[in-house]
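Input: a single structure, listed below in structure tokens.
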Amino acid sequence: MALIVQKFGGTSVGSVERIEQVAAKIKKFRDNGDDIVVVVSAMSGETNRLIELARQINERPVARELDVMVSTGEQVTIALLAMALIKIGVPAISYTGSQVGILTDSSHTKARIMQIDAQNVRKDLKAGRVVVVAGFQGIDEAGNITTLGRGGSDTTGVALAAALKADECQIYTDVDGVYTTDPRVVPKAQRLEKVTFEEMLEMASLGSKVLQIRAVEFAGKYGVPLRVLHSFKEGPGTLITLDEEDSMEKPIISGIAFNRDEAKLTIRGVPDTPGVAFRILGPISSANVEVDMIVQNVAHDNTTDFTFTVHRNDYQNALHVLEHIAQEMGAREVVGDVDIAKVSIVGVGMRSHAGVASRMFEALAKENINIQMISTSEIKVSVVIEEKYLELAVRALHTAFDLDAPAGTAE
Ligand code: ASP
Ligand code: MG
């Protein structure tokens with residue numbers, strides 16, 4: 001008998017039929033003797049609909065009132081799911097975030113959970129009930145309703161699992177696990193049995209959107225075993241854990257992540273003197289633009305080129321700031337490029353294996369793909385390339401690092 005927290009996302013509870021399917025699934029676990037706490041999202045599209053409604057009053061609605069409103073989406077699904085469970089003979093009770101004591105700070109629309117008083121939940125579990133909790137929401141010290149940011153129900157699930165010391169937090173969604181890369185780009189991508197929190201964080205921040213990043217951080221911090229599963233297909237899903245097993249069969253690289261969300265800026269011919277990086281990036285950061293990769297080249301004739309990437313949405317803003325700086329510094333020119341993409345190989349196996357980066361570069365060289373920038377961390381190597389080669393690069397790397405599914409096994 002285990003204590004399991006199960007989170008069902010918006011598409012899994014997107015209609016009454018699906019809610020009844022979810023109820024039937026929960027009943028199976030219950031019949032097995034497990035204690036179940038369920039966290040649900042709003043029905044798919046509902047949160048967007050509510051936000052849109054608010055915008056009809058005001059393009060930038062008051063955050064406190066927006067939270068009062070968008071939190072209602074989850075309140076509908078908890079009640080429907082509890083009703084569906086009761087209908088098939090499973091004792092169940094629903095709670096909003098505030099009723100279940102999810103205390104957050106007061107940053108409306110992006111609040112952080114500070115504490116959970118899980119006493120009510122424990123009492124109900126003891127009494128044999130399935131407890132259904134509204135995801136995405138909490139209450140601050142002054143009693144205001146807060147929400148946790150888009151995708152925040154994942155975090156509610158993980159936080160509840162941590163507070164209850166659950167055996168596992170299961171995230172049910174519309175994919176059957178975490179893949180070695182996006183199967184739409186590489187049909188031979190494979191579901192991972194296991195991935196570490198660190199790897200998952202790198203992959204999530206690089207654009208694979210299976211889980212809210214904050215939920216992964218939270219789970220890693222509290223050591224909550226997290227499993228991603230398909231809501232309606234059977235299967236073991238992907239387990240996200242702390243332990244790094246170093247088995248012979250385990251590939252060195254766990255996944256290939258990529259994104260097209262960045263743009264590149266270069267300032268040419270800046271004086272090679274102390275303080276230059278600060279003079280360039282200080283104003284960029286003051287303009288609230290986050291910088292990702294940075295490259296500064298060796299100087300010739302006492303001048304150097306300085307290149308960095310920013311989110312594509314920030315490109316115009318950054319370009320404007322940079323042109324200003326260039327003039328001040330007497331730099332030669334500013335050039336920008338939005339047609340770039342970032343591709344990364346991610347894997348904890350890199351820690352104990354040499355030559356991983358060069359294997360990556362070799363695979364790209366064979367395809368004649370030019371590398372514009374490189375950055376590395378302990379478990380990741382990223383390159384910036386021309387956007388039109390993105391899919392080719394991902395496929396080549398997937399093959400080079402032995403991640404392709406054996407013939408005939410691709411799903
Ligand atoms: N309903 C919220 C959203 O759409 C929270 C969630 O689904 O996790 O972002
Ligand atoms: Mg979600």
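If you read the sequence from its start, that first residue is 1, and numbering goes on from there. Keep in mind the model is a prediction, meaning the values are calculated, not measured. Note that ligands are numbered from 1 as they come in the structure, with each ligand's atoms numbered from 1 the same way.
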- Item | Side chain to side chain, Glu386 and Gln372, heavy atoms closer than 4.5 Å | yes
- Applying side chain to side chain donor-acceptor pair (under 3.5 Å) between Thr180 and each of Arg191, Lys188, Gln190, His398, report the one that passes. His398
- Does an N or O from Arg150, backbone or side chain, lie closer than 3.5 Å to an N or O of ligand 1? yes
- Polar contact flag for Ser153 and ligand 1 (N/O pairs, less than 3.5 Å): yes
- Item | Met43 versus Val16, closest heavy-atom pair with distance | CE-N, 4.4 Å
- Message: Testing the basics here: between Pro61 and Leu66, what is the closest heavy-atom pair and its distance to 0.1 Å?
- Response: CG-CD1, 4.1 Å
- Using heavy atoms and a threshold below 4.0 Å, how should the contact between Glu74 and ligand 1 be classified: side chain, backbone, both, or neither? side chain
Can you tell me if [X] has a non-hydrogen atom under 4.0 Å from ligand 1?
X	answer
Glu46	no
Gly151	yes
Gly73	no

- Sub-3.5 Å donor-acceptor pair from the side chain of Thr96 to the main-chain atoms of Gln99, do we have one? yes
